[in-house]
Amino acid sequence: MAGSYLAQQIADAAPLLTPYNIFLACVTYLAISIVGSFVRAPRYPISVPWVGHGKGWLSAFKNVFSGFSSSKAWVQTGYEKYSKSGKAFVLPSMLGAPAETVIPQSQMQWLLEQPDSVLSTAAAHYDTLQGDYSFVKPVILKDPYHEHVIHKNLARNLNAVVPELDDEIRHALDHLCGLDTEQFVKMDMLEGFMMKIIPIFTNRMLVGLPLCRNQDFLDTMLGYTMDVIRGFLLFALVPKLLHPIVGAVHSLGPKYHYWRSRKYTRPLVQKRLHDIRKKDAGDPEYKDWKEPNDFVTWSIRTAMAEGRQDELDPGRIAIRIMPLNFASIHTTAMTGQGVLIDVLSADPSVVEALREEAERIYKEEGNRWTKNGLSRMYRMDSAIRESQRHSAIALTFVSKKVMVKEGITTPEGVHLEYGTNVGCPWLPAANDPDIYEKPDEFDAFRYSREREEYETMNADEKSKVDALKLKQSGLVTTGNYHLPFGHGRHACPGRFFVAHELKMLFGHMLIHYDVRPLAERPKTMWVGRTMIPPKAVLEVRRRRV
């Protein structure tokens with residue numbers, strides 16, 4: 001009876017399922033979703049100007065669709081009209097991306113001084129990266145203990161990490177670029193080169209040998225990284241009301257890649273825990289055993305020291321390896337592609353100057369990469385920083401979310417409600433002619449000329465120079481007008497590692513390979529607030545050195 005009743009109901013509804021009715025239902029749902037998002041969003045104060053089509057119901061509808069093609073222009077307009085005058089403005093929301101209050105650089109110090117309980121970076125990242133669905137378990141991003149471990153251990157262990165990377169770069173470049181001194185090898189610059197080589201370096205630091213060279217494991221980590229990126233793009237296009245439905249399907253990808261990776265990572269963590277406990281217990285068989293200097297060890301040691309028993313669970317540590325892969329692979333690969341495009345599109349003298357520096361320092365350090373030698377690569381440091389400016393990958397940075405129920409008032413007198421998203425302009429600031437001379441040009445040695453000149457001075461001449469200011473022009477030094485690594489206490493804790501691996505990668509490549517220049521610089525495209533990496537081909541050939 002139940003089956004025949006259901007069949008009759010379906011038969012009665014069939015005439016209503018016309019293409020027109022389905023289209024009308026979709027449009028109606030979309031309209032309701034937009035209105036629902038508008039109603040539930042934090043109330044932005046009347047005193048704050050909006051870019052785009054402005055405030056109000058009708059404007060919200062226009063902004064939802066115009067934002068996909070106009071967000072870049074809107075942020076530029078807001079920067080020119082408001083940020084440079086010390087005022088905030090609102091960047092309108094899109095389908096799945098909330099509105100953002102963009103505060104000027106002049107209020108950056110105030111922004112950074114607020115405690116996490118008032119303005120939270122972690123909460124903003126959780127929302128942006130869809131922490132409910134993209135990280136296997138929500139707790140991984142709600143309590144980003146892996147970031148704490150990296151912040152506490154990576155910088156102090158760089159001396160030990162650099163030789164490991166040196167070994168890995170030789171192996172990886174030989175494998176990926178080949179040893180043929182006659183024919184050029186062609187590969188896609190992002191997917192065929194940067195996305196292949198960065199996971200190897202990243203996992204040499206995270207899990208060490210031999211797992212960092214296991215292709216199945218690397219493919220799984222790259223697949224997970226692409227899961228998060230696809231989710232980031234997908235949820236920006238989907239109305240908020242649909243996120244739980246879409247999220248349930250999307251979460252299957254990250255869970256699948258964790259399921260594939262844990263057969264490698266869980267046994268590794270379990271064995272490391274066993275070995276460390278045996279060593280600590282004074283087991284004579286472990287007298288000469290040295291614990292590997294990688295994230296797995298750092299995570300275990302940090303959790304032991306801090307009494308975090310939950311973070312000593314092998315499954316928990318195995319899961320935390322995944323967001324670290326995403327953070328390291330995605331942004332580093334895009335940054336590296338930007339550097340290659342900028343350098344290979346510049347005058348050939350740029351490549352020659354970078355090669356001369358790399359060869360000189362490499363030989364001075366005994367034909368190996370060292371932390372001391374890398375710190376003296378001023379030209380390469382400058383070229384990477386300049387590319388981050390010239391080929392900026394985000395409209396805004398230093399994202400935070402208002403966490404106090406009563407809201408917070410900015411130095412400008414603007415009251416921001418609970419749940420409001422706050423950021424600082426980056427792309428327009430990076431191209432501001434009032435800050436940078438000829439900002440439209442890629443000047444590879446913009447930051448290194450004065451540093452190199454300083455090194456040639458005698459002691460008396462050096463005493464007359466502001467050495468601190470020169471040091472602050474370095475790649476890893478964040479500031480109001482250098483935001484690719486964030487700024488303040490939540491600046492990227494892995495930026496020192498990124499700086500070292502990119503210097504080593506490009507330095508080693510220029511020493512051992514000829515690299516063909518690009519005939520023309522590929523154009524960058526923006527969709528909404530997201531930069532779509534341009535397509536470019538890398539051509540390399542082993543040098544006869």
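Computed over heavy atoms, backbone and side chain alike; hydrogens, waters and symmetry mates excluded.
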N/O donor-acceptor pair under 3.5 Å between [X] side chain and [Y] backbone:
| X | Y | value |
| --- | --- | --- |
| Arg529 | Ala394 | no |
| His148 | Pro144 | no |
| Arg446 | Glu386 | no |
| Ser299 | Val296 | no |
| His500 | Phe496 | yes |
| Asp294 | Thr297 | yes |
| Lys279 | Lys287 | yes |

Does a side-chain N-to-carboxylate-O contact under 4.0 Å join Asp283 and Arg277? no

Can you tell whether the side chains of Asp219 and Arg260 come within less than 4.0 Å, N to carboxylate O? no

Let me see the working for His330 and Thr335 under side-chain contact (heavy atoms from CB on, under 4.5 Å), right down to the final yes or no. CA-CA 9 Å; His330 176 234; Thr335 299; over 6 Å; no

Check the orientation of [X] and [Y]. Use parallel for under 30°, tilted for 30 to 60°, and perpendicular for over 60°.
| X | Y | value |
| --- | --- | --- |
| Tyr82 | Phe89 | tilted |
| Phe235 | Tyr133 | parallel |
| Trp289 | Tyr286 | perpendicular |

Around atom CD of Glu412, are there more than 12 heavy atoms of other residues, nucleotides or ligands at under 6.0 Å? yes

Atom NE2 of His151 with >12 non-hydrogen neighbours under 6.0 angstrom: no

Regarding Arg389 and the six-membered ring of Tyr436, is the cationic atom NZ or CZ under 6.0 Å from the ring centre and inside 45° of its axis? yes

Do Leu112 and Val398 have side chains that approach each other closer than 4.5 Å (heavy atoms only, starting at C-beta)? yes

Worked check of side-chain contact (heavy atoms from CB on, under 4.5 Å) between Leu154 and Phe295: CA-CA 8 Å; Leu154 182 53; Phe295 170 76; over 6 Å; no

